[in-house]
Structure formats: C-alpha cells, structure tokens
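Residue indices begin at 1 and follow the sequence shown. Treat the numbers as computed from the prediction; the structure is a model and nothing was measured. Values below: all heavy atoms of this structure, side chains included; hydrogens, waters and symmetry mates excluded.
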Amino acid sequence: MDSAVVEIDGSVMEGGGQILRVSAALSCITGSAIKITKIRAGRSTPGLRPQHLSGLQMVSDLCSGSLEGAAIGSTDISLTPGKMQSGSHTADTQTAGSVCLLLQAALPCALFSDASSQLCLKGGTNAEMAPQIDYTVKVFKPMVERFGVHFDCDIRMRGYYPKGGGELMVTVNPVKELLPVVLTERGNITKIYGRAFVAGVLPYKLAKDMSAAAVRTIRKEIKELYINIPALQEKENAYGSGNGIIIIAESSTGCVFAGSALGKKGVYADKIGIEAAEMLLRNLRHNNCVDEFLQDQLIIFMALAKGTSRIRTGAVTLHTQTAIHIAEQLTQAKFTITKCEDEQGSNETYIIECEGSGAVNKHL
C-alpha cells in the first residue's frame with residue numbers, strides 16, 4: 001500500500017457526490033489512502049448527506065478500511081483502505097437517497113474482491129438527480145458488462161421521494177482484470193420501448209397519459225419503429241407514491257440509450273412523457289454510442305481496464321470531466337478527448353479515449 005495520502009479537492013469542477021464515489025472506489029481498488037476536503041462546498045447544504053455517508057461506509061466496509069470524518073455535514077473525510085472483503089454488505093440511506101448512486105461507488109470495489117459479494121442497497125430507486133433503477137438495469141448494466149463485468153440486480157422494493165424505502169439486492173462476481181471497450185459505431189436504432197408507472201395513491205390514468213404523450217413525441221421524428229411503452233400500476237413492490245417514465249432505445253450494434261422523467265406535484269402527466277421523449281431524441285440525433293448520462297459512469301471502468309478504450313459521445317459533460325480528473329489523479333490511466341470532424345449537421349460528437357491502468361485483482 002502507498003504510504004502517501006492523496007489529497008483531493010471535493011469542490012473542483014462538478015464539486016458534488018460524484019467526486020466522493022469515484023475517489024473512494026479507486027482508493028479501495030488501488031490501496032491508496034485518500035483525504036477529500038471541501039466536500040460539496042458549493043452546494044446549498046455543504047458536506048456529506050445521508051446517501052454520501054452510507055455509500056462511503058459501504059466502500060470502507062468492502063475494503064476493511066478506516067474512515068475518518070464520516071458524519072452528516074462533514075466537509076473533510078479520510079479513507080485508508082485495508083484488505084478487500086467479499087460477502088454481504090448493506091448500505092441504507094434511510095432517505096430517498098439513490099440506490100443507483102450507492103451502486104456506482106460499491107460496484108467497482110466488489111469487482112476487485114476475492115469472491116462474490118451481495119450488496120443490499122436501501123433508499124430511493126426512482127429519485128431525482130440520479131439514474132432511475134430502470135436506467136441502471138436496462139442501460140448501465142448491459143453497457144458496463146462489455147468490460148467483462150457480471151452482476152445481477154433484484155429490485156425487492158421500489159421507493160420514491162420523499163420516503164425512500166426502496167431496496168435493491170445486487171450480486172457481484174469478481175474479475176481478474178477489466179477488458180477495454182470500443183464503442184464508436186452506433187449503427188441504426190432498432191427498438192424503442194419503456195415503462196410508464198404510477199405507485200401508491202396516484203391514479204393509473206397518469207401512467208397512460210405519460211406513455212401516450214411520449215409515443216406521440218417520438219413518432220414525430222421516428223416513424224418506422226413500433227414504440228412499446230406499457231402503462232403500469234406498481235402494486236406490492238412499491239413503498240410510497242410516485243410516477244415516472246423511462247424510454248429505452250437499442251441500436252443494431254448493441255448500444256443502449258434512454259430518456260426518463262419523474263412526476264412532480266403540479267406538473268401535467270403528458271409534460272413528463274414529453275420531457276422523457278425529448279431527452280431520448282436529443283441523445284439519438286447525433287451518432288453517439290452512449291447517452292449523456294452513461295458517459296461519466298463508464299470513466300472509472302475505462303481507467304481500470306487493461307488496454308485502450310474508446311467511446312463516441314455527444315458534448316462531454318462536467319460530470320465526465322470530473323470523473324476523468326479524479327481517475328487520472330488516482331490511477332495511471334491517461335485520457336484524451338478528440339472532437340470528430342466527420343460529422344454532418346450541427347451536433348458535435350467526441351471520442352473519449354483512455355489508455356487504461358490495467359488494474360489486476362490480487363485476491364483472485
């Protein structure tokens with residue numbers, strides 16, 4: 001293990017929870033001790049929130065680490081990793097904090113363990129400011145499995161803002177090393193489908209209205225495909241009330257994209273459907289292989305893989321730039337971003353290339 005502690009400024013660039021998730025996971029995998037200062041300094045409620053705290057505690061458990069400064073509102077933490085621990089681990093935000101964000105921190109760590117891990121993640125499954133669980137299962141999972149990753153997700157209970165109460169069980173198998181991934185050819189869009197849901201006290205009509213509005217919006221641009229977005233009433237496996245929609249598109253080369261939206265008080269259901277449809281269309285108009293939300297989630301895997309990965313994206317988001325900044329600080333990975341010149345039209349596309357650090361699982 002490296003004796004020097006790597007200091008990370010938690011207020012740089014995107015300046016949010018993502019810095020914590022990427023730093024903690026890479027600390028755990030590389031064995032480098034880290035100190036993160038000025039955590040979420042620019043946010044309206046600076047410092048650690050419940051979901052950040054439970055995520056850090058789980059990462060620390062996964063690497064038998066010693067975690068200092070871990071309290072709600074804390075702006076400085078230190079993590080000194082120890083030996084990887086497979087087996088069962090639980091993280092409970094006790095709020096509607098996103099289980100998908102907990103998984104972003106824990107999954108890379110569990111991959112470098114000595115045996116399979118069971119992660120029990122509690123909080124919001126379909127929450128604002130985070131991927132919906134359906135995005136994680138239908139988009140993130142198949143795309144990240146190209147790196148040689150294997151994990152299973154069992155949605156035990158869905159939970160919504162503000163109550164939370166959702167529960168996700170994830171089983172992760174370890175890997176010896178991650179494979180590099182090249183995603184530069186999108187091909188044609190072959191399939192568009194999704195789900196519009198209501199849960200709790202909300203009327204079923206909302207789900208039908210979201211679905212119908214989404215289909216109408218997509219039809220204006222994509223006329224040749226059948227679009228299947230069933231309207232669903234979540235019954236047994238949902239805690240609290242919520243509504244939302246996710247629409248997924250698949251391409252002939254196996255790329256997966258999505259647009260999604262959640263209901264809010266006082267917002268008409270068809271407006272939610274249109275918002276999700278427009279988000280999907282925005283990501284299909286250029287020839288990208290990953291949508292704007294998957295970009296940053298793939299960076300840590302590119303950084304750890306053995307060999308050169310290349311992905312074609314739209315405009316590079318601040319989240320992605322932040323993830324690259326942290327990955328280059330904590331690993332030997334080298335990233336370059338090149339603008340594509342061969343594009344017709346006004347939509348810019350970029351290639352994010354990474355010479356991975358080739359992390360090897362010493363426990364296997």
Q: Let me know which of Ile326, Leu20, Val6 forms a side-chain contact (heavy atoms from CB on, under 4.5 Å) with Ile34.
A: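 With Ile34 as partner, Ile326, Leu20, Val6 yield a single side-chain contact (heavy atoms from CB on, under 4.5 Å), made by Val6.
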
**Q.** Aromatic Tyr193 / basic Lys191 pairing, under 6.0 angstrom, 45° off normal
**A.** yes

Do [X] and [Y] have side-chain N/O donor and acceptor atoms under 3.5 Å apart?
{"X": "Arg158", "Y": "Asn126", "answer": "yes"}
{"X": "Gln118", "Y": "Thr171", "answer": "no"}
{"X": "Asp114", "Y": "Ser86", "answer": "yes"}

For [X] and [Y], work out which heavy atoms get closest and say how close.
{"X": "His286", "Y": "Arg186", "answer": "O-NH1, 3.2 Å"}
{"X": "Ile352", "Y": "Ile337", "answer": "CG1-CG1, 4.3 Å"}
{"X": "Ala106", "Y": "Leu119", "answer": "CB-CD1, 3.8 Å"}
{"X": "Asp270", "Y": "Arg216", "answer": "CB-NH2, 4.4 Å"}
{"X": "Cys100", "Y": "Thr125", "answer": "SG-O, 4.3 Å"}
{"X": "Pro203", "Y": "Val198", "answer": "O-CG1, 3.5 Å"}

Q | Same apolar cluster: Ile19 and Leu330, side chain cutoff 4.5 Å | A | yes

Does a sphere of radius 6.0 Å around [atom1] in [X] hold more than 12 heavy atoms from other residues, nucleotides or ligands, not counting ones at 6.0 Å or beyond?
{"X": "Glu145", "atom1": "CD", "result": "yes"}
{"X": "Tyr239", "atom1": "OH", "result": "no"}
{"X": "Glu185", "atom1": "CD", "result": "no"}
{"X": "Lys271", "atom1": "NZ", "result": "no"}

(Q) Just verifying a value: how many Å separate Ile39 CD1 and Leu48 CG, rounded to the nearest 0.5 Å? (A) 4.5 Å

Q: Only counting residues at least two apart or in another chain, list the ones meeting ring-ring contact (aromatic ring centres under 6.0 Å, His included) with Phe301.
A: Phe147

Q. Are Arg310 and Glu353 within salt-bridge range, i.e. N to O under 4.0 Å?
A.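 A salt bridge is present here (some side-chain N lies under 4.0 Å from a carboxylate O).
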
Q: Flag the pair Arg282 and Glu275 as a salt bridge only when some basic side-chain nitrogen lies within less than 4.0 angstrom of an acidic carboxylate oxygen.
A: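 Salt bridge: no.
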
Quick check: does any side chain N or O of [X] sit under 3.5 Å from a backbone N or O of [Y], one acting as donor and the other as acceptor?
{"X": "Ser252", "Y": "Asn188", "answer": "yes"}
{"X": "Ser241", "Y": "Val201", "answer": "yes"}
{"X": "Glu14", "Y": "Gly16", "answer": "yes"}
{"X": "Asn361", "Y": "Ser113", "answer": "yes"}
{"X": "Ser60", "Y": "Gly65", "answer": "yes"}
{"X": "Lys83", "Y": "Ser64", "answer": "no"}
{"X": "Thr322", "Y": "Met13", "answer": "no"}
{"X": "Tyr161", "Y": "Lys264", "answer": "no"}
{"X": "Thr184", "Y": "Ile311", "answer": "no"}
{"X": "Asn283", "Y": "Glu292", "answer": "yes"}

Q: List for me each residue that meets salt bridge (charged side-chain N to carboxylate O under 4.0 Å, His left out) alongside Glu278, sequence neighbours excluded, and say none if there are none.
A: none

